[in-house]
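Here is the structure we will look at.
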Amino acid sequence: MTTTACFIIVSRNDIPIYEAEVGSSAKREDAAQLHQFVLHAALDVVQDLAWTTSVMFLKAIDRFNDLVVSVYVTAGHTRFMLLHDSRNDDGIKSFFQEVHELYIKILLNPLYLPGSRITSSHFDTKVRAIARKYL
Amino acid sequence: MGREVSESCIDSLLTEMVSTYCNRFYANKPELAARRIEAIGYQVGHQLSERYTLERPRFSDHLEAIKFICKDFWSVLFKKQIDNLKTNHRGTFVLQDNRFRWLTRMSIDLSPKNGASEEASIMADNKGVQSMHLYFPCGIIRGALSNLGIPCAVSADISNLPACSFVVRIKA
């Protein structure tokens, strides 16, 4: 079963610091741009919604055709956004929680400037492995 | 993410850090040394606040975030909570710790051998050195609050050791 999924991390200054296509279907150039566009458009919705609730995991907040955007907001207002076509809420929540732990490990690196792009290939490998496990 | 840290190592590291910055790196420029130490505290506070808010829901307003600093954050860092929290409801908070852990090993050297003026200058000297040690915890508080979305300025007041008050002024 092939799934499309695009995952981005947006910092508190609205700068994307990490992007990855984590679905199991083959990568298509035009689809990748469309995914990023939809995710960035959903940022406004997240902004409004984040202040109304104190939970971290906001479920499906926006849809486009049959793709759904789910968002997880951390205490430091860093947003993890996932564009996907499946309906597996629990799997997505576990995915976000594991990526949150990975993100904290990146933050604990004293040489990492908070708000800058995450360039670690180790992080990239781990995120894709978690995506394969939960999505 | 739960391992143990030697407390004497932390104390030695902090003492040495302040001493190095004040006496070696910025020997005659205490303001620069203070700013560097505070910046180190800022980054540490930023990282620690992200780490310790992992499990809990997000904060709905400033008071919730300050209470988090007073209770959970302080107990993880210093194994006790803030003893007294005061606010003027207009953006200023005073966090009072009656026995600040990092200052408990610091002596208040009052040698009444010489004249009164000497004693006053020794007291002033001590206060100067002790205030250098407070820039790091002030930086930690500022970094933690900035990460939670509250830009602020933090200063410390040690009029009566070992109690220590941190004054947090939220930038409007």
Could you check if a side-chain atom of [X] sits within less than 4.5 angstrom of a side-chain atom of [Y], using non-hydrogen atoms only?
X        : Y       : result
A/His100 : B/Leu54 : yes
B/Arg58  : A/Thr53 : yes
B/Pro57  : A/Met56 : no

- Message: Using every non-hydrogen atom in the two residues, find where B/Gly149 and A/Arg12 come nearest and quote the distance to one decimal.
- Response: CA-NH2, 3.1 Å
- Task: Answer with side chain, backbone, both or neither: which region of A/Phe57 has an atom nearer than 4.5 Å to a non-hydrogen atom of chain B?
- Result: neither
- Is chain B contacted by the side chain of A/Thr52, its backbone, both, or neither, given a heavy-atom distance below 4.5 Å? neither
- Message: Could you check whether any side-chain N or O of B/Arg51 sits under 3.5 Å from a backbone N or O of A/Leu108, counting only pairs where one atom can act as donor and the other as acceptor?
- Response: no
- Query: Backbone N or O of A/Ala75 within a donor-acceptor pair of the B/Glu50 side chain at under 3.5 Å?
  - Reply: no
Determine whether more than 12 heavy atoms belonging to other residues, nucleotides or ligands lie under 6.0 Å from atom [atom1] of [X].
X        : atom1 : value
A/Asp90  : CG    : no
B/Tyr135 : OH    : no
B/Phe25  : CZ    : yes
A/Arg117 : CZ    : yes

Give the cluster check for [X] versus [Y]: same hydrophobic cluster or not, with ILVMFWY residues linked at side-chain heavy-atom distances below 4.5 Å.
X        : Y        : value
A/Val38  : A/Val68  : no
B/Tyr42  : B/Ile150 : no
B/Ile140 : B/Met17  : yes
A/Met81  : A/Leu102 : no

- Query: Picking from A/Val55, A/Leu107, A/Asn109, A/Thr78, which has the most non-hydrogen pairs under 4.5 angstrom with chain B?
  - Reply: A/Leu107
- Task: To the nearest 0.5 Å, tell me how far B/Gln47 CD sits from A/Ile106 CD1.
- Result: 12.0 Å
- Message: Please report the interatomic distance CG(B/Asn147) to NE2(A/His77), rounded to the nearest 0.5 Å.
- Response: 11.5 Å
- Note on the structure: Bottom line for B/Ser49: the part with an atom under 4.5 Å from chain A's heavy atoms is neither
